[in-house]
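A note on names: the letters A, B, ... follow the listed sequences, proteins ahead of strands, and every chain is numbered from 1.
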Amino acid sequence: MYIEIKDLDFKYQNAKEHTIKGFCLSVHQGEIISILGSSGCGKSTILRLIAGLEVPSSGSIVINGKVMANHNRFEKPENRGIGMVFQDYALFPHMTVADNIKFGLRKMSRNEKLNRLNDLLELVGLSGYEKRFPYELSGGQQQRVALARALAPNPSLIMFDEPFSNLDANIQQKIRDELRDILKRTGITSIFVTHDQKDALALADRVVSMREGCVTKVGKPEEVINTNFNDVRFISN
Amino acid sequence: MWIRNIKWQFNSWAILTFVFVLLILLPNLSVFAQLFTEPNENWYHIKEYLLKSYVINSLTLVFFTALFTILIGVSLAWFVSAFEFPLKNFFKWGMVLPLSIPPYIGAYTYHGILNYTGVIQSELRNSFDISVEQKYFDIMTMPGAIFIFTMFLFPYVYIITKSFLEKQAASLVENARLLGSNSFEIFYRVIIPISRTAIIGGVSLVILEVLNDYGVVKYFGIQTFSTAIFQAWFGMGDHGSAVRLAGILMSIVIVILVLEKLFRGRRKYSFSTSKVRPIQKLKLTGIKGFGMSAYFFIVFSFAFLIPLAQLALWAFMTYDIIFTEEFYQLVWNSVFVALIAAILIVVAALIIGNYTRLSNGRIAKAASKVTILGYSMPGAVIAIGVITIFIGLDRKLFPVYEAIGLQPTLILSLSISMLIFAYVIRFLAIGYNSIESGFDKVGQSFTEASRTLGMSVTQSFFKVDLKMIKGAVAGGFILVFVDILKELPLTLILQPFNFYTLATKAFQYASDEMIQEASIPSLFIIMISGLSIFLFHKILEKEPS
Ligand SMILES: Nc1ncnc2c1ncn2[C@@H]1O[C@H](COP(=O)(O)OP(=O)(O)OP(=O)(O)O)[C@@H](O)[C@H]1O
Ligand SMILES: [Mg+2]
């Protein structure tokens, strides 16, 4: 298994109850996983735990044989090599598109950085935009910059938190298809969080359904999503 | 588990934060600890004959100043936010300006206006041949001191209450109006109760300023804790009693802080500038509108216009004897110490702020509270604490001095570093507040993004966070700089021999009855503070939140 998460528990400092309870998940290399669940069930929290932005109270996370977190080890986020695309993209407003994308590139010569930048711009279809600032881009373009920025350092895993929630329905589908295309082309393992089942159906190899901090179901998108009556109705709409 | 948490928390940011917290606590604790030691003989004398009058004088000043600043501050705030009247927009900002005149400058300016040789009495004598009873023109009394404090401190109450009323009160006031209450009833039954938290916030700043004051009471010859501490230390050379007095004053301040918490309850007034529906303003015309403007004009005159005009007049008369080499040295001294201290404060505030924001544990929260402690403590208390620490440190360092070939004397405690250290303790909270609110606005997601891109906390700080809170850093720096420029009690106690700042020189001139010579340094201070207040409020006004 490429990613192995076992019995993860987590509580926010000022919360009364555990937000994540006994969360388990295994992921193959190159797989696209979608985490599905209603608002507040802990989807973002899982991503934060995997990225190392929160410290689990118990359980373990192992990626590619390397222990990221368990009872006596905790790897800092900057050493995990995990890319993340945030819900609000978190593009650095004081940097141009080019600087944003090059931000995570280190131990590279200027030329190598430039080549990598151009490759990524081409990949996300934003060649010619490198001099712009984030606020000069549309929502969809921002999202693609955030994707390019996360992909730039060649992460072993990339995660998305509700990547389409800021986009309107028309563009949403287009971007979703583009994203799947890019992910499959780069062969990168990815996890994305959504509460929209259409996203999960269109993108994921496997779907993890969550509820109140626990995994309720894991499987092929059609299996997980069809088993629930409400979901069927939702899809047929 | 436990070890891992320690490792996760334990980085250089945490260490530095705890060092800073310790440095702030140390002088305060050393003063406090003195309360539990065996007192000397002189102390019994002080306790027997003097302590009672210190307490009564200090509390009288505090009580009446609080009362009058509430009356003036809250009424002005209410009028500005609920009525339209001539010149309202001017007065709305104008009422902040008295803060730029430190009370001690106000005190000797008013004395200069009113005394026998002052402009009023000489005008009466020369033009109308009227001699007045001196006692009616003596401002150097308890009521005079209360007048001075009220005039130059009420803006604290005004500003906080105004920003509260502008944001929170619209619906309540409208409801009260619909129910048929008149404006006076609304003020009394609605405004005062709902703005309680804001008023308490403002008035506790006033009280802390009154307790901090040394200049006004010294100049007017009123015995309070501050003057008593000075006198015990310098006059009698009784360091033990000075520290003990400081300890008592410190306890009073702590009681006030606790009371403030209790009275304010759980609700926090907010300084946020987000736009909310303003109160529908009643337009006052005719005599009512004129009366309202007149009220504002009178307050504005007494609290700003008159003292400023008098100072300008004096400055005009003395500028040729003041603008000398010595004066430029004075400006340089003031700017130099303020600059160094402000830089240190901003750096410390950035470190503590970044650490508390990222770790958000209980200990980190406590660290941020400690910064407030210094700002609440009167200058005299901090000064005494800092001297005690520095002298102790010097004694410990005697062998080191000898080893590097220096005389084993007091080196640190006779140097400017002591003064700067005290400034940092006293004004850290000002810089910290500004930087903390900057961090709050930016949030954590940019830092988190940076970390998932392989940057450490420190790298993220320099590449991302610092750049994004530039404005808050600059704002905090300016506020601190100006506050230090105006500062008197700390500087008076801790300035090295023959080292004067604008503030201490102005005060010395005034104390030596050279009031006119004091005018130019005073105007300098007022100008710089006025400018920064103006800039700051303009920035606050504009900044979207
Ligand atoms: N910093 C925090 N402190 C305390 N509780 C938090 C914090 N962040 C989130 N929570 C709580 O933890 C739970 C899970 O939050 P999380 O953000 O993971 O939900 P989510 O599934 O991503 O929801 P959404 O779909 O709305 O984004 C919620 O109940 C939330 O209120
Ligand atoms: Mg979420």
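- Taking a 6.0 Å sphere around NZ of A:Lys6, one finds it holds 12 or fewer heavy atoms contributed by other residues, nucleotides or ligands.
- Going from atom CZ of B:Arg451 over to atom CD1 of A:Ile82 covers 12.5 Å, rounded to the nearest 0.5 Å.
- Nearest heavy-atom pair across B:Phe446 and A:Leu91 is CE2-O, 3.0 Å.
- Residue A:Arg185 places its CZ atom among more than 12 non-hydrogen atoms of other residues, nucleotides or ligands, all under 6.0 Å distant.
- Taking every heavy atom of both residues into account, A:Pro93 and B:Met468 meet most closely at CG-CE, 3.4 Å.
- Around NZ of A:Lys184, the count of heavy atoms belonging to other residues, nucleotides or ligands within 6.0 Å exceeds 12.
- Other residues, nucleotides and ligands contribute over 12 non-hydrogen atoms within 6.0 Å of the CD atom of A:Glu112.
- Across every non-hydrogen atom of A:Phe103 and B:Met455, the tightest pair is O-CE, 3.1 Å.
- B:Ser450 places a side-chain heavy atom less than 4.5 Å from the side chain of A:Phe92.
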message: If you apply the rule side chain to side chain contact (heavy atoms under 4.5 Å, CB included), what do you find for A:Glu78 with B:Gln459, and how did you get there?
response: CA-CA 10 Å; A:Glu78 59 264 32; B:Gln459 287 167 322; over 6 Å; no

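- A:Arg180 is linked by a salt bridge (Lys or Arg N to Asp or Glu O under 4.0 Å) to A:Asp205, counting only residues two or more places apart in sequence or in another chain.
- Within the 4.5 angstrom heavy-atom criterion, no atom of A:Met159 approaches chain B.
- Across B:Leu453 and A:Ala150, no two heavy atoms sit closer than the pair CD2-CA, 4.2 Å.
- A:Ile50 CD1 to B:Thr452 OG1: the interatomic distance, rounded to the nearest 0.5 Å, is 13.0 Å.
- Within a 6.0 Å radius of CZ in A:Phe133, other residues, nucleotides and ligands contribute more than 12 heavy atoms.
- Taking OG of B:Ser445 as the start and CE of A:Met84 as the end, the distance is 10.0 Å to the nearest 0.5 Å.
- Interface remark: A:Arg48 contributes side-chain atoms only to the contact with chain B (heavy atom separation under 4.5 Å).
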